[in-house]
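Naming: A, B, ... by sequence-line order, numbering from 1 per chain.
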Amino acid sequence: MATTDVLGARIKRREDPRFITGGGNYLDDIKLPGMTHAVVLRSPYAHARIRSIDTSAARTMPGVLAVYAGQDLAGVNALPCAWAAGGVQNNLNTPRVLAIDTVRWTGDGVAMVVAETREQAVDAAEAISVDYEPLPAVVDAEKATAPGAPQLHENAPNNVCMHWTVGDAEGTARAIESAEIVVRQRIVNQRLIPNPMETRGAIGRWDPGTDEYTIWMTSQAPHVMRLLIAAFVLGVPEHKIRCISPDVGGGFGSKIFLYADMVLTAWASKQLGGRPVKFVETRRENYLATTHGRDHITDLEVAGTKDGTITALRVRTKANLGAYLSTIAPGIPTTLYGRLLSGVYAIPNIYCEVDGIYTNTAMVDAYRGAGRPEATYVVERAVDLFAREAGLDPAEVRRRNFIPPDAFPYQPAVLIGQAGYGLPYDSGNYRPALERALEMAGYTNLAAAKAEARARGKYLGAGISSYIEICGVAPSKWIGLPGEGWGAGLWESANIRMHLTGKVVVTTGSQNHGQGHETTMAQIVAAELGVPFEDVLVEHSDTQGTPFGYGTYGSRSAAVGGVAAQKAALKIKEKARRLAAHMLEASPDDVVFEAGRFYVKGSPDKVKTVQEVALAASVGYDLPEGMEPFLDETAYYDPPNCTFPFGTHVAIVEVDEETGAVDLVRYVGVDDVGRKINPMIVDGQLHGGIVQGVGQALWEGAVYGDDGQLLSGSMLDYALPRASWLPTFELDETVTPSPVNPLGVKGAGEAGTIGSAAAVVNAVVDALSPFGIRHLDMPLSAPKVWRAIHASEVQS
Amino acid sequence: MTEAITLVVNGVHHELEVEPRRMLVQVIREDLDLTGTHIGCDTSQCGACTVLVDGQAVKSCTMLAVQADGSSITTIEGMANDGQLHPLQVGFWEKHGLQCGFCTPGMIMAAADLLARNPDPTDQEIRHAIEGNVCRCTGYQNIVAAIREAASLMAAGGTSAGAAG
């Protein structure tokens, strides 16, 4: 393949040969000499005081090396919250690595056993006796704020963690009062369990010779983990900790955060004189104790004119944050939610208030899309509710309210941040994606399709979702402490070394857990340097040997990390140009670069290849005055803006009146993610994303009993999408490059999830409109739909 | 207390002493160091641990190692032959049938069982056959395409992998 064609090509993935042959190296595959195995004993109560813990029997069990309770780790700090958004200050509560006096959710860790084998540790954990005094629990964000509700934290009266607002309260109130049409609806965005196929875990090893720690972890952000553990938890200097993410089996947000086991295993290894300590969650533990997503109760009001112009949107949301704040929890229902409530529409008045609530449940933090699916669900349900009230076609209402293509860059008022300035939508042209999706879905023949389905005893519906996403989450000065409250930056970095033989090693601060960075980063660098794709190796996910990076989440690894790699390549090229000029005995200004070759303008026959230049730089015996040997450059990239991909998805469903079962019969998506580095990988991201949103719409939901027991506590009880439940997706694209970064990329990791839940729900509600049903909350399970049909007063 | 068992794994004969409570997947991963077979859940739902036991797809987290005594087992490590990828491995690579890779070995083994029974499955038959295997990354679409690709490669008798790019 010509090196110039490598960017944008459907290149097969680099990482696949090891995965398809069983050669992947996931955390639980790691075996170290002297390895020990840890098991955490978890609270069976959602809320209880710990009267005492008796570990004496467990300590004498076969193979047991140590048993630790919370008091043993009193000198280890609680885990930090790194994104104190939404005014969380005085009532910030984060978990300890093991609870000391009180447990606040079912799954809260109370003790840890370390033994020679995992089975021995499990047996010993069962022999620990904990005397609990159960306390009343509350799991629902609304009930938690009611008078008399159980209180979780003394510093958070009524369990309110934060109150955050955005937009124009007065203007929005006036617009709603004076509107021709106002629709009000309560909608629930249910709690989800992320479910990466690999559960989480950590291996800690302390080296007695150097007093250094190595922590292997299933993390999307190993550099950040090192920083947090060093600076906030263990008090160990940062350079004495090395964090490594080996192959990571999916994350979807749940592996961004700092978890107790990362600290526990490292700490325990030191207590045990340096023997490595491995902890791997069971799936049940993953459900109980790894973060969940979503869990919003929202009251929305949408207002406008009879001709279909939306004039105001008011949103009041109670966001359930769980028993404590996870690492970035406050930022999800604030910055990443409220600031996106304009969607793809020019809505002149928007106001949103969010209350973050503590409850006796697992912590809620980012899950694929993280705030943006919740925002899109609100906006896209609101548009459909409004269209129905106005008696207009939902497609027409969307057309009428789209931000027009000549309005970009477009600055929604709600995206003007705490720092006092805004991030405008970078580029967009929303209507072509809508029209193409409608065309593909056969939207103009909908009435005929409905009639045909009715003849078969089915109710057919079509649902549209025109979404927008915030990708490439940065810029540091916008999101940082004085702005949105994020306690650090959000730039990315890359280093490139070009070796004597012309082979290239890229190290990136981004983290690959399924996204294909080893392939796409190599494509970017190969294209820029004009070297063969095969000659570029990408290394990542080890704090030793890769430059600092904030990690992979928020669809930011192409738009931030990828651009950092490109910038590093540009630096390599610039130094190589100066050396090539020296070699060609020309002025650097006269030397041009084309497809891996340098030559003097007008003399394309006399060339130095970039590999020849790398050799000269490496041997170093004939360099221009003052030039350092070797081609080795590092770049840091902090973008000036986020990127804003968009698209329209259309779902076609059929509902069986007899059973209430919903069949997703067709799914059309037209996505605009800017320029694509590898379209094959983008398609894969879209497919997977769509299914996670469809899963939320139709099947998934975390359910707690009122006593705080997780009723959907295993894969038997939590309905993950299966292959046979899904149609073949029909995808197309529009391409509006981003002007924010030189690659023109926007991001694609979360688009599918952001767009799809609303499309499916809108479709089901459309199908059920003959019954007078205006709204149903997700998941739209057969019993729920059946009951709604049978409760309806309208008989079709 | 342990029991003596005999397993032939990927053509290699093993005499093993195992605790009766240990699952086949633990013996494969821990005793034989074949870590390509993964554990994704604890309720036999996800299929990441799928292997072939006497040619039939089995969730190895649900079978005690002692139950497998005397049987012949194929894991993902046994699929390629003399460095030549199995058509299913080729299909998954060609069609981008994997992202994080964690479900992939189990998915390939389940598909191997399907193609042995039904060499020319429809998309619906493929989707039905992998119902016991959960993938959270791909949305299954490219897995279906990968298995279809493998079926046509096998029908054509070709197994060549081709190079990247």
Participant: Determine whether H96(B) and R10(A) make a side-chain contact, defined as any pair of heavy atoms from C-beta on separated by less than 4.5 Å.
Facilitator: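 No - every pair of side-chain heavy atoms lies 4.5 Å or more apart.
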
Participant: Which one, V280(A), I681(A), T282(A), leads in non-hydrogen pairs under 4.5 Å with chain B?
Facilitator: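 Among the listed options, the one with the most contacts to chain B is I681(A).
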
Participant: Side chain, backbone, both or neither: which part of N133(B) has a non-hydrogen atom closer than 4.5 Å to chain A?
Facilitator: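 Contact with chain A: backbone only.
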
Participant: Using heavy-atom distances under 4.5 Å, tell me whether E119(A) contacts chain B through its side chain, its backbone, both, or neither.
Facilitator: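 Looking at E119(A), backbone and side chain both touch chain B.
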
Participant: Check each atom of L726(A) against the heavy atoms of chain B and say whether the ones under 4.5 Å are side chain, backbone, both or neither.
Facilitator: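 When you check distances to chain B, atoms from both the backbone and side chain of L726(A) fall under 4.5 Å.
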
Participant: Name the region of T104(B), side chain, backbone, both or neither, that has any atom closer than 4.5 Å to a heavy atom of chain A.
Facilitator: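 For T104(B), the contact with chain A is made by the side chain alone.
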
Participant: Answer with side chain, backbone, both or neither: which region of L686(A) has an atom nearer than 4.5 Å to a non-hydrogen atom of chain B?
Facilitator: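 For L686(A), no heavy atom lies under 4.5 Å from chain B.
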
Participant: To the closest 0.5 Å, what do you measure between OG1 (T117(A)) and CD (E19(B))?
Facilitator: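 Result: 7.5 Å between the selected atoms.
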
Participant: Taking the side chain as every heavy atom from C-beta outward, state whether Q141(B) and I690(A) have any pair of such atoms under 4.5 Å apart.
Facilitator: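 No, their side chains stay 4.5 Å or more apart.
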
Participant: For T21(A), which atoms come within 4.5 Å of any heavy atom of chain B: side chain, backbone, both, or neither?
Facilitator: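 Interface part for T21(A): both.
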
Participant: Do any of residues 62-79 of chain B come closer than 4.5 Å to chain A, heavy atom to heavy atom, and if so which ones, in number order?
Facilitator: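 Within residues 62-79 of chain B, near chain A: I76(B), E77(B).
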
Participant: If you round to the nearest 0.5 Å, how far is CD1 of I20(A) from CG of L98(B)?
Facilitator: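 The CG atom of L98(B) sits 7.0 Å away from the CD1 atom of I20(A).
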
Participant: With a 4.5 Å cut-off on heavy-atom pairs, point out which of P196(A), P194(A), G24(A) contacts chain B the most.
Facilitator: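 Heavy-atom pair counts peak at P194(A).
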
Participant: Just so I understand: if I count every heavy-atom pair under 4.5 Å between each of Q99(B), E30(B), Q45(B), R136(B) and chain A, which residue has the most?
Facilitator: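 Among the listed options, the one with the most contacts to chain A is R136(B).
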
Participant: Would you sort out whether H687(A) and I143(B) count as a side chain to side chain contact (heavy atoms under 4.5 Å, CB included), showing the intermediate values?
Facilitator: CA-CA 11 Å; H687(A) 295 162; I143(B) 292 178; over 6 Å; no

Participant: Under a 4.5 Å cutoff for heavy-atom pairs, which residue among M107(B), H128(B), H38(B) has the most contacts with chain A?
Facilitator: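 Sorted descending by pairs with chain A, the first entry is H38(B).
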
Participant: Quick one, R29(B) and D28(A) - any side-chain contact, counting heavy atoms below 4.5 Å?
Facilitator: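 R29(B) reaches D28(A) side chain to side chain.
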
Participant: At a heavy-atom separation under 4.5 Å, does Q685(A) approach chain B through its side chain, its backbone, both, or neither?
Facilitator: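 Interface part for Q685(A): both.
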
Participant: Is there a side-chain contact between R283(A) and D42(B), using heavy atoms and a 4.5 Å cut-off?
Facilitator: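 Side-chain contact under 4.5 Å: yes.
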
Participant: Tell me, out of G684(A), G251(A), P727(A), who's got the most heavy-atom pairs with chain B below 4.5 Å.
Facilitator: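 Going by pairs under 4.5 Å, I would pick G684(A).
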
Participant: Could you walk me through whether M715(A) and C46(B) pass the side chain to side chain contact (heavy atoms under 4.5 Å, CB included) test, one step at a time?
Facilitator: CA-CA 8 Å; M715(A) 280 194 187; C46(B) 81; 3.8 Å; yes

Participant: Where does Y287(A) contact chain B at under 4.5 Å (heavy atoms): side chain, backbone, both or neither?
Facilitator: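 When you check distances to chain B, no heavy atom of Y287(A) falls under 4.5 Å.
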
Participant: Compare every heavy atom of F19(A) with every heavy atom of P105(B), then report the nearest pair and how far apart it is.
Facilitator: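 Shortest heavy-atom contact: CG-O, 4.1 Å.
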
Participant: Given heavy-atom pairs under 4.5 angstrom as the criterion, report whether the side chain, backbone, both or neither of F729(A) touches chain B.
Facilitator: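 Its backbone and side chain both get close to chain B.
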
Participant: Under 4.5 Å heavy-atom distance to chain A, tell me which part of I108(B) shows up: side chain, backbone, both or neither.
Facilitator: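 The side chain, not the backbone.
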
Participant: What part of N512(A) gets closer than 4.5 Å to chain B, counting heavy atoms only: side chain, backbone, both or neither?
Facilitator: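 For N512(A), there is no contact with chain B at all, as no heavy atom is under 4.5 Å.
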
Participant: Side chain, backbone, both or neither: which part of Y140(B) has a non-hydrogen atom closer than 4.5 Å to chain A?
Facilitator: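 Interface part for Y140(B): side chain.
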
Participant: Start with the C-alpha gap between E94(B) and M680(A), add the side-chain angles, then the distance that decides, and say whether side chain to side chain contact (heavy atoms under 4.5 Å, CB included) holds.
Facilitator: CA-CA 10 Å; E94(B) 289 285 343; M680(A) 177 191 81; over 6 Å; no

